[in-house]
Amino acid sequence: MADQAVAGAGDNPHVRTLDALVIGAGVGGLYQLYQLREKGLSVASVEAAADVGGTWHWNRYPGARFDSEGYIYQYLFDETLFKDWTWSERFPSQPEIERWMHYIADRLDLRKDIDFGRTVKSAHFDEVTSRWRVETDAGHVYDTQFLVACSGVLSAPLEHLFEGEDTFRGDILHTARWPAEGLDLAGKRVGIIGTGATGIQVIQTIAPEVAELKVFVRTPQYVLPMKNPKYGPAEVRAYKDRFEELRDSLFTTFTGFEYDFEVAWDDLTPAQRTERLEDLYGHGSLKMWLAGFGEVFFYEEISEEVSEFVRDKMRARLKDPELIETLVPTEYGFGTRRVPLETGYLETYHRDNVHAINIRKNGIAEIVPYGIRMQDGTVHELDVIILAVGFDGSTGALTRIDVRGRGGRSLSEDWAREVRTTMGLQKHGYPNLFLTGAPLAPSAALCNVPTCLQQQTEWITACIGNVIASGKSTIEPLQQTEDDWVAHHDETASATLIGKTDSWWVGSNVEGKPRRVLAYTGGAGAYNDKCKEVAESGYAGFEMA
Ligand code: NAP
């Protein structure tokens with residue numbers, strides 16, 4: 001579509017002129033495109049992948065599935081759209097999720113406005129025309145008034161972390177680049193590096209089919225067992241009947257989930273606390289983390305008690321002292337990194353064909369043609385190496401694009417100095433650039449993704465509508481507004497224990513990335529209220545020109 005000549009595009013007939021361009025066709029991008037189109041704007045999306053889905057298009061590794069209940073991982077703006085889709089289980093897997101994203105694109109007829117297979121290379125703001133010029137790596141050009149980045153929180157995979165990757169003779173691949181046609185692992189000697197939420201799902205899934213699985217474990221994770229019942233007609237009816245309740249409540253809770261912190265630690269006796277922890281643990285979801293005791297995020301002693309509760313559960317399942325030393329975390333508190341759900345993950349290490357290799361004791365030196373060589377010289381011979389090593393979270397998708405604002409300032413250079421935004425929605429110096437899933441908002445890490453992305457894209461749609469209705473051309477947060485938000489964000493974050501723990505949540509997984517808690521820790525509900533206040537004030541603190 002974008003190849004055709006476009007009226008009003010100036011001298012170059014291959015420049016596509018738009019009111020708004022959305023980068024990405026994942027959960028946020030699809031809804032953003034739909035809303036702006038409904039508002040009557042000329043809008044398109046540009047998407048690197050061959051189809052819609054974003055994270056659920058790319059992450060097709062074995063075992064990929066939701067850790068949010070399917071019925072809350074939903075768009076809630078249209079009751080029929082919600083009710084016409086039926087999940088088959090509580091925590092659906094990637095193929096079903098991808099089908100759901102296709103269903104959304106079909107129902108809202110979105111594909112006709114998406115340019116697939118195009119990777120945005122640069123986005124430059126022109127101060128003379130007050131418009132963005134966006135170019136793809138294949139040379140397609142978009143000239144747009146508004147630019148909305150729905151480029152993903154976890155869409156920039158970490159690459160080239162190990163010496164010698166290119167020398168490996170077998171298959172070596174990042175989990176986010178799993179081939180659509182699958183990869184035959186049967187009877188293979190497989191090594192996997194990384195035991196985050198992704199690695200855990202892969203490990204527990206492939207262990208029975210491979211000849212041998214070597215898991216290279218650096219930082220172990222607190223894990224919670226998932227309860228994942230299949231849904232029959234009664235369960236489906238029950239969750240669909242909750243549409244209104246979910247629509248009204250999800251946007252008010254701390255993390256955009258259906259549950260919230262309700263019980264104070266100090267109000268319970270030790271026996272009652274244990275009883276509650278057992279209940280939460282038995283829920284088989286993220287409730288224990290996201291709606292258990294909020295105090296675990298703030299108080300070392302309470303964090304330690306809850307952490308020890310989870311460690312006890314893990315030790316009881318692992319039994320073996322060496323496995324316990326390798327796989328039970330002791331260096332950080334429960335919930336200060338993303339807590340993965342699992343299904344038989346710990347028991348997987350009892351299989352004869354699965355070996356946990358503690359790389360805190362003997363690190364990875366390099367990848368060699370036939371496997372992985374350790375610092376003590378040992379070589380683990382392998383046919384396949386799976387890199388479940390994570391992403392340059394929240395900032396990486398945008399810093400891999402040459403984004404330039406007023407005066408040619410560069411977003412990647414700005415964020416290399418200090419990761420700052422105004423409410424994760426805009427950045428001073430970059431008029432009409434809107435962000436989603438960006439730093440300093442809950443959507444950067446601490447939120448049920450669709451809840452936060454719906455809230456953000458709805459705010460952006462209203463804001464763009466306001467600029468147009470006011471007869472103005474641009475909107476941009478004032479320097480002072482950004483300073484105030486960064487200060488508020490830091491004050492809120494520094495009261496928690498999250499900033500003390502290394503993980504992608506603070507950017508410590510990327511060499512040289514300035515450390516800052518990426519997600520706003522004041523709660524998604526409170527954040528939503530603050531966003532509403534800004535809109536109701538007529539965008540006080542933002543300059544329209
Ligand atoms: P991650 O949480 O960042 O984990 C990466 C893993 O790779 C960690 O174990 C890390 O060890 C290890 N690693 C990285 N570099 C290494 C190196 N040079 N040497 C050895 N080990 C290395 O990434 P992820 O597991 O892909 O998960 C990222 C996020 O995606 C999650 O937090 C979650 O938000 C999301 N996710 C969601 C789901 C779901 O909803 N079901 C599933 C998967 C992922 P260290 O910790 O020691 O650095």
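Just so you know, ligand 1 is whichever comes first in the structure, and atom 1 is the first atom listed for that ligand.
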## Note on the structure
Thr219 heavy atoms within 4.0 Å reach ligand 1 at atoms 45 (P), 46 (O), 47 (O)
### Message
For the residue pair Lys313 and Tyr281, would you count it as a cation-pi contact if the rule is NZ or CZ under 6.0 angstrom from the ring centre and within 45 degrees of the ring axis?
### Response
yes
### Query
Would you say the side chain of Ser249 lies within less than 4.5 Å of the side chain of Glu258, judging by non-hydrogen atoms?
no
### Query
Among protein heavy atoms, which sits nearest to atom 41 (N) of ligand 1, and what does the distance come to when rounded to 0.1 Å?
Arg65 O, 2.5 Å
### Query
Out of Val202, Ile193, Ile364, who gets a non-hydrogen atom closest to atom 21 (N) of ligand 1?
Ile193
### Task
Below 4.0 angstrom from a heavy atom of Ile359, which ligand 1 atoms are there? Numbered from 1 as shown, please.
20 (C)
### Query
Can you tell me the protein heavy atom closest to atom 22 (C) of ligand 1 and the distance?
Arg218 NH2, 3.6 Å
### Query
Would Asp279 and Lys287 pass as an ion pair if we require N to O under 4.0 Å?
no
#### Entry: Check: His57 and Val52 side chains under 4.5 Å, non-hydrogen atoms
no
### Task
For Arg337, take its heavy atoms, then give the atoms of ligand 1 lying under 4.0 Å from any of them.
46 (O)
### Query
Hey, what's the ring geometry for Tyr31 with Tyr34, parallel, tilted or perpendicular (30° and 60° as the breaks)?
parallel
### Query
Between Asp67 and Arg338, is there a side-chain N and carboxylate O pair less than 4.0 Å apart?
yes
#### Entry: Which of the ligand 1 atoms, numbered from 1, are nearer than 4.0 Å to a heavy atom of Trp504
2 (O), 3 (O), 28 (C), 29 (C), 31 (C), 32 (O), 34 (O)
### Query
Relative to the heavy atoms of Phe162, which atoms of ligand 1 are at a distance of less than 4.0 Å?
17 (C), 18 (N), 19 (N)
### Query
Within 45° of the six-membered ring axis of Tyr222 and under 6.0 Å from that ring's centre, is NZ or CZ of Arg311 located there?
no
### Message
His174 and ring-ring contact (aromatic ring centres under 6.0 Å, His included): which single residue from Tyr61, Phe391, Phe162, Trp58 fits?
### Response
Phe391
### Query
At a 4.0 Å threshold, what atoms of ligand 1 neighbour a non-hydrogen atom of Leu154?
29 (C), 30 (O), 34 (O), 35 (C)
### Query
Which option, Ala64, Ser93, Pro329, Ala197, owns the non-hydrogen atom nearest atom 36 (N) of ligand 1?
Ala197
### Query
Does Arg65 pair with Glu89 as a salt bridge, N-O distance under 4.0 Å?
yes
### Summary
The side chain to side chain contact (heavy atoms under 4.5 Å, CB included) partner of Ser394 among Leu435, Thr421, Leu518 is Leu518
### Message
Please determine whether any non-hydrogen atom of Tyr61 lies less than 4.0 Å from an atom of ligand 1.
### Response
yes
### Query
What's the shortest distance from atom 44 (C) of ligand 1 to any protein heavy atom, and which residue and atom give it?
Thr198 OG1, 3.3 Å
### Query
Is there any N or O on Trp56 that sits under 3.5 Å from an N or O of ligand 1?
no
### Query
Relative to ligand 1, is Leu341 under 4.0 angstrom through side chain, backbone, both or neither, heavy atoms considered?
neither
### Query
Side chain, backbone, both or neither: which part of Phe216 comes within less than 4.0 Å of ligand 1 when only heavy atoms are counted?
neither
### Partner of Trp87 by ring-ring contact (aromatic ring centres under 6.0 Å, His included), out of Tyr103, Tyr73, Phe66
Phe66
### Query
So, are Glu331 and Lys500 salt-bridged, with charged N and O less than 4.0 Å apart?
no
### Query
In the protein, which heavy atom is nearest to atom 37 (C) of ligand 1, and how far is it?
Arg338 NH2, 3.3 Å
### Query
Out of Gly199, Gly196, Gly63, Pro220, whose heavy atom sits nearest atom 4 (O) of ligand 1?
Gly196
## Note on the structure
In this structure, atom 23 (O) of ligand 1 is nearest to the protein heavy atom Gly390 CA, 3.3 Å
### Task
Could you name each residue pair satisfying side chain to side chain donor-acceptor pair (under 3.5 Å) that touches residues 155-164, not counting sequence neighbours?
none
### Query
Does Ser307 reach the main-chain N or O of Phe334 with its side chain, forming a donor-acceptor pair under 3.5 Å?
yes
### Query
For ligand 1, is any non-hydrogen atom under 4.0 Å from Val389's backbone (N, CA, C, O), its side chain (CB onward), both, or neither?
both
### Task
May I ask whether Gln221 has any heavy atom positioned less than 4.0 angstrom from an atom of ligand 1?
no
### Query
When you measure from the side chain of Glu165 to the backbone N and O of Leu161, does any donor-acceptor pair fall under 3.5 Å?
yes
### Query
Does ligand 1 have a heavy atom under 4.0 Å from the side chain of Ala176, from its backbone, from both, or from neither?
neither
#### Entry: Leu161 and ligand 1 - part of the residue with a heavy-atom distance under 4.0 Å
side chain
### Message
Ignoring hydrogens and geometry beyond distance, is a side-chain donor-acceptor pair present between Tyr349 and His355 at under 3.5 Å?
### Response
no
#### Entry: Nearest-neighbour protein heavy atom for atom 6 (C) of ligand 1, which is reported as residue plus atom name and distance
Ala388 O, 3.3 Å
### Element-labelled atoms of ligand 1 that are located less than 4.0 Å from some non-hydrogen atom of Phe391
26 (O)
### Thr195-ligand 1 polar pair, N/O distance under 3.5 Å
yes
### Task
Check whether any protein heavy atom sits under 4.0 Å from atom 17 (C) of ligand 1.
yes
### Close-contact set for ligand 1 against Gly194 heavy atoms, below 4.0 Å
6 (C), 7 (O), 9 (O), 12 (C)
